[in-house]
Amino acid sequence: MTELPKAYQPEEIEKRWYEEWERVGAFRADPVTDKKPYVIVLPPPNVTGALHMGHALNHSLQDALIRRARMQGYEALWVPGTDHAGIATQNVVERELRKDGLDRHALGREAFVDRVWEWKREYGGRITQQMRELGESCDWERERFTMDEGLSRAVRTVFVRWFEDGLVYRGLRVINWCPQCQTALSDIEVEHEDVAGELVTFRYDLSDGSGSISVATTRIETMLGDTGVFVHPSDERYAGLVGKTVRHPFFPDRELPIVADEAVDPEFGTGAVKGTPAHDPVDFEMSERAGTEKVNIFTETAHVNENGGRFEGMDRYTARREVLAALRELGLVEEVERPYVHAVGHCYRSKTEIEPWLSEQWFVKMRPLAEPAIAAAQDGRVTFHPPRFAKAYLNWMENLRDWCISRQLWWGHRIPVWYCDDCGATIAALEDPTECKCGSSALRQDPDVLDTWFSSQLWPFSTLGWPDDTPDLKTFYPTSVMVTAYEIIYLWVARMIMSGMYFMDGQVPFADVFIHGIVRDGEGKKMSKSIGNVIDPLDMIERYGADALRFSLAFIAVPGNDSNSSEERIEGARNFANKLWNASRFVLMSLGDDRPEITGELLVEDRWILSRLDDTIEVVGRELDAFNFSEALHALHAFVWSELCDWYVEMAKPRLREGGAGAAGSVLVHCLDRVLRLLHPVMPFITEELWSKLRPGAGSVMTAPWPAPEGRRDTGAEDSVARFQDLVVALRRLKIEHDVPQGRRVPVAVAAGDLAAGLEPLLDQVVSLARLESIELVDDLGPAGADPRTITPAGLEAAMRLGETVDPALERARLERKRDELAAEVKRAESKLGNESFVAKAPAPVVEKERAKLDEARAAFAKVEGQLGALGG
RNA sequence: GGGCGGUUAGCUCAGCGGGAGAGCGCUGCCUUCACACGGCAGAGGUCACUGGUUCGAUCCCAGUACCGCCCACCA
C-alpha cells in the first residue's frame, strides 16, 4: 500500500477520479432496466454563463441526491444541458461585434445567427467543463441544448399544437417593451422597483370653453398620446362632463372625449384619468371599451416619434422635462409633487425602465393550462419543499395573465408562423411551408423568436426525446424531483408543470419540487460584482477542493432558506475533509492489509460507537429524504469528528498498539466504511479515494449500497460511555484547575456507588484518556481536604491522590460553586414535580425522566455537601 | 395595497411543546507516536416585545416593533 500524504491534497485525486468515472461510464443510465428510475433534469444554465456559487449550490444538492439514489439501487439519471438564453447570448455577441465596429444589422440576420452559433461552439462548453470540476455525475451522453435539433422540433410541435388548440394567439396589446434590448418582455420579466419621480397634475380645457378637467400622471410626456379622459361613472363631480370633449393643447385638432369607466379609482388624484391607450395597459382596455383612438408616440428606442409634434426625436426623459415646461408655459400645470415615490418596471436583463408600448405580439392563453396545474399542487401530485412555496405558486397561478411569448430578437426559436401576402392567411406549421393553401408562394415567416422560457418549460420531456415516443421518455418521465432556487418558481417551474401536464397526458413532470435559497456572502449580503463580494467557486475548488466547496454549501443548505457562504466556511469544510483523511490514514496505517469483520466479543466502547453510527445512519437517511441537507450533514460531521475521531479512535489506540487488528480494528473498518458511503453523495472525490484504499478491489463507492441502520442501537452502552465521558472531562479539568500539567500522570480514586458496575469496564480508558497513573474504585473517598476533588453530573466522585493537601479556601470555593449549581437543579426539579397538574397531566415518561433527574441531582448535591462538611471551617 | 419570511452565543445561522445548539471567532494550556487544516479545557444567550393557550412556551395563537423578500394596471 502506498503511503497517504499527511494532508489531503485534492487536486490530483479529483482529476484522476473524474476521468476514471467518465471512462467507465459511471454516470450513464439505461432506459432498459429492472431498477426503479430516479431522475433529475438539471436546470440548464445559460450557455453564456460561468459557474457561480448559485450553480455550485444547486448542482451540489442535485448531485448528492442523484449519487445517493444510485447507491440506493435506483436507475439514476441526471440530464445535463444548457439554455440558449436569447437576450443574454445575443447581447454577448453584439458586444463582440461592437468591438469590431459592427452591429447585427450590418451583418444581417442570417450571418448574425451564424455568428452566435459560432460563439456557442467555441465558448458554450465552458460551464459544462466547470461542472465536471465540481464533480457532477450527470449523464453527459444525454447533454442537450435548448436549440439543438430535437428540442427545436419539440418547440415547434408545442407551438403548433397550442396554436391549433386556440391557446396561442396573436394580438395588439400594450406590452412591456425594453428600449435597450428592443424587445417585448413577459410580465414576470419585469422587475418593479421604487423610484423617486414626480406626480404632475395638469388641466385639459373643455372644447366648448365651459371649464376644464384636471388629471394627474407620473409620465407627463405620455400626454402626447392622450386620446381621452376617463372618470368613474358614479363620480358626481364629473357627471356633467361625461360626453363632452377637451382639446389637446399641442394638437388642437385632437378632441379628447370624457368617458365614464368602472376601472377609474375616484379616490386617486383628481379622480379623472388621462387616457393614453398606446402606453398604458389599463388605458388600452378603457380605450377598447370606449372606442377612442390609439396614438403611439414612441419609437422602439423610446424616443418620441412623428406623432409627438415638436417633441419628435427627444428621448423619453428629455420629453418629460420639455412637455412639462411647455405645459407650464401654457399655464396648464396645477401641481407638481416631487419626489413622488412609485414602482416602475425595469427589464430583468438590462435594468432599463420598461416602456409600455402598443404592438402586435404572440400570447399563450394561460387559464386553461393553469387549472390542471393548480389542481396537481393542491392534491399533492406535485409537492413543494418546503410547503410554503406551494402557496406562492398557487397564488400566482390563480392570477395568471396571458403570456407574451414573442421577442424581437434574432437569437432563439423563430416563430413557426408564415403570413401569405396574397390571401392574408396565417399558417403555423411544423415544417417550413413552400406555398399557401391559396396557391401563393408569397409567404413571409414571422420575424420574431420565442421567449427563451418557452423552450425551457419543455425541458423535463423534450430532453428525453419528446415529441418522439422514445425509450428514455417511457422510462424516465415523469422525473423525480426538480431542484431549484425560489427565484424561478414562476418563470420556470410553474410553466414546466403546465406544459408537462398538457403534453404528457396530464402527468406532472416531477413529483417533488425542492426549493433552496440563494447564496449570499458571509454577512448575508447578495453577491454582486459591484460590491466586490463575489466568491468564485472555481477559485475555491482550486484552493480547497471540490469536496470542501460542496460540503460547505450542503452543510448550510436549509430548504427554502438563503445561506451565507464565505471562504472561512469553505476552509472549515476543507479541514473536515482533512480530518476524515487523517482518521482514515490512521486506520489504514494501523491495519496494513488486514480488513477484519466484526465478530465475537465487543467492548462497551465498541458497542457504543456502533450504536452512535446506527443512529447517525438513521438521522442522515431521514433528513436527506426530507431534503434537510444541513441537518443530515451536521449529524455526520458530529459523528465523524466528535464521536469517532475525538473519542473512539482514541479509545481504540491502546488495543491497536498491542498489535493485531482485533475488535477495535474491525469496528473502525466498519465505521469508516459506512462513513465513506454516507459522505459520498456530498464528497465524492475524497470518499472514492479513501474507499479504494479501504476496500481495494471492491469497486467504486458510487455503487456501494447506501447504509441502512443495522440494529446496533445499544442505549446501555450509550449511557455508560456518556458517564465515562463526563468523568474523563471532569478529571482533565481537575488537573487544569490545580495546575497539574496535562502530561503528568497522577493516581486517582473514584467513588462510583451504583454506577461502579457500568464504569468498571472503562477504567483503563479513564486512565488512558485522562492521562492518569492509575485509577482505584473505592466506596468512599475519605476525608476531604487532603486532595483535589471533583464530581460529575451523574454523581461520580473522584479525587486526585497527589499526596499534597489542597488549598482549602480554593477547594471550598470550587465546591460551593458546584453545590449552588446542583441546588438550583434540585430546586427546579422539585418545583416541577411538586406541581400536581404536571404529575397528573404530563406523559409518564416525561415525569419519570424528571424524577430520575431529581434523584441524581439530590445525590450529587449530598455528596458535595459531604465534601464541604469534611473540609471543615 | 396584498402575501411570505426573519428577530436565538461576539459574527453567521440551525432547532422548534418537556432541562438552549452548530460553524467561525474568543480565552487558557498542549510541537501527546492520524491530523497544528490539530488536541484538551473553557467563557459566552431573561431564544425582539406584550398578551393568550397549556401541567409546561424559544417553539403554538393574537397583537406590537423593527428587518428582509415576493406579488400588484392607483394613473
[X] side chain to [Y] backbone, donor-acceptor under 3.5 Å:
| X | Y | answer |
| --- | --- | --- |
| A:Arg771 | A:Val767 | no |
| A:Asn628 | A:Ser630 | no |
| A:His279 | A:Pro356 | yes |

### Query
Base, backbone or nothing for each nucleotide of nucleotides 24-37 of chain B, written B, S, -, heavy atoms under 4.0 angstrom, 5' to 3'?
-----B--B-BBSB
### Message
Can you tell me if A:Arg388 touches the phosphate of B:G3, counting only side-chain N or O atoms and a distance under 4.0 Å to OP1 or OP2?
### Response
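No, no such contact exists.
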### Query
Are any of A:Asn395's side-chain N or O atoms less than 4.0 Å away from OP1 or OP2 of B:C71?
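Result: no.
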What's the gap between [N] and [M] when it is taken at their [atom1] atoms, as a whole Å value?
| N | M | atom1 | result |
| --- | --- | --- | --- |
| B:U32 | B:G44 | C1' | 29 Å |
| B:G28 | B:C35 | P | 26 Å |
| B:U27 | B:A43 | C1' | 7 Å |
| B:G6 | B:G17 | P | 14 Å |
| B:C24 | B:A9 | C1' | 12 Å |
| B:G21 | B:U8 | C1' | 10 Å |

Students often get this wrong, so: under 4.0 angstrom with heavy atoms, is [X] touching a base, only sugar-phosphate, or nothing?
| X | result |
| --- | --- |
| A:Arg828 | base |
| A:Phe230 | nothing |
| A:Asp280 | nothing |
| A:Gly269 | nothing |
| A:Tyr393 | nothing |
| A:Val729 | sugar-phosphate |
| A:Glu631 | sugar-phosphate |
| A:Pro741 | nothing |

Which nucleotide, [options], lies nearest any side-chain atom of [X]?
| X | options | value |
| --- | --- | --- |
| A:Phe555 | B:G23, B:G18, B:A75 | B:G23 |
| A:Val273 | B:A75, B:C73, B:C55 | B:A75 |
| A:Arg732 | B:C55, B:A41, B:G23 | B:A41 |
| A:Arg569 | B:C55, B:C4, B:G23 | B:G23 |
| A:Asp265 | B:G42, B:A75, B:G18 | B:A75 |

### Task
Could you tell me which residues satisfy side chain to side chain contact (heavy atoms under 4.5 Å, CB included) with A:Lys391, sequence neighbours excluded, listed by chain and number?
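Scan of A:Lys391 (side chain to side chain contact (heavy atoms under 4.5 Å, CB included), adjacent residues dropped) gives none.
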### Task
Give the C-alpha distance, both sets of side-chain angles, the deciding distance and a yes or no for side-chain hydrogen bond (donor to acceptor under 3.5 Å, both in side chains) between A:Glu191 and A:Tyr348.
CA-CA 6 Å; A:Glu191 295 171 350; A:Tyr348 81 129; over 6 Å; no
Round to the nearest Å and state the distance from [X] atom [atom1] to [N] atom [atom2].
| X | N | atom1 | atom2 | result |
| --- | --- | --- | --- | --- |
| A:Arg814 | B:G42 | CZ | P | 12 Å |
| A:His637 | B:C13 | NE2 | P | 19 Å |
| A:Lys849 | B:G56 | NZ | C1' | 13 Å |
| A:Glu189 | B:C71 | CD | C1' | 16 Å |
| A:Ile489 | B:C69 | CD1 | C1' | 12 Å |
| A:Tyr490 | B:G3 | OH | P | 14 Å |
| A:Phe639 | B:G21 | CZ | P | 21 Å |
| A:Asn399 | B:G1 | CG | P | 19 Å |

Should [X] and [Y] count as an ion pair when the cut-off is N to O under 4.0 Å?
| X | Y | answer |
| --- | --- | --- |
| A:Glu631 | A:Arg622 | no |
| A:Lys818 | A:Glu821 | no |
| A:Glu198 | A:Arg320 | no |
| A:Arg828 | A:Glu850 | yes |

### Residue closer to the 5' end of RNA chain B, A:Asp187 versus A:Pro843 (nearest nucleotide)
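That would be A:Pro843.
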### Task
Please tell me which of A:Ser630 and A:Ala829 maps to the more 5' nucleotide of RNA chain B, matching each residue to the nucleotide holding its nearest heavy atom.
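Checking each residue's closest nucleotide, the 5'-ward one belongs to A:Ser630.
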### Query
Should we say atom CD of A:Glu337 is surrounded by more than 12 heavy atoms from elsewhere, each under 6.0 Å from it?
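Yes.
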### Message
Does the plane of the ring in A:Trp581 sit parallel, tilted or perpendicular to the ring in A:Tyr8? Use 30° and 60° as the thresholds.
### Response
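Judged by the thresholds at 30° and 60°, the geometry between A:Trp581 and A:Tyr8 is tilted.
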### Of A:Lys274, A:Lys294, A:Arg219, the residue whose pairing with A:Asp226 passes salt bridge (charged side-chain N to carboxylate O under 4.0 Å, His left out)
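With A:Asp226 as partner, A:Lys274, A:Lys294, A:Arg219 yield a single salt bridge (charged side-chain N to carboxylate O under 4.0 Å, His left out), made by A:Lys274.
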### Query
So what stems show up for RNA chain B if we need 3 or more Watson-Crick or G-U pairs in a row, all under 3.5 Å?
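Listed by first number, the stems are B:1-7 with B:65-71, B:10-13 with B:21-24, B:26-30 with B:38-42, B:48-52 with B:60-64.
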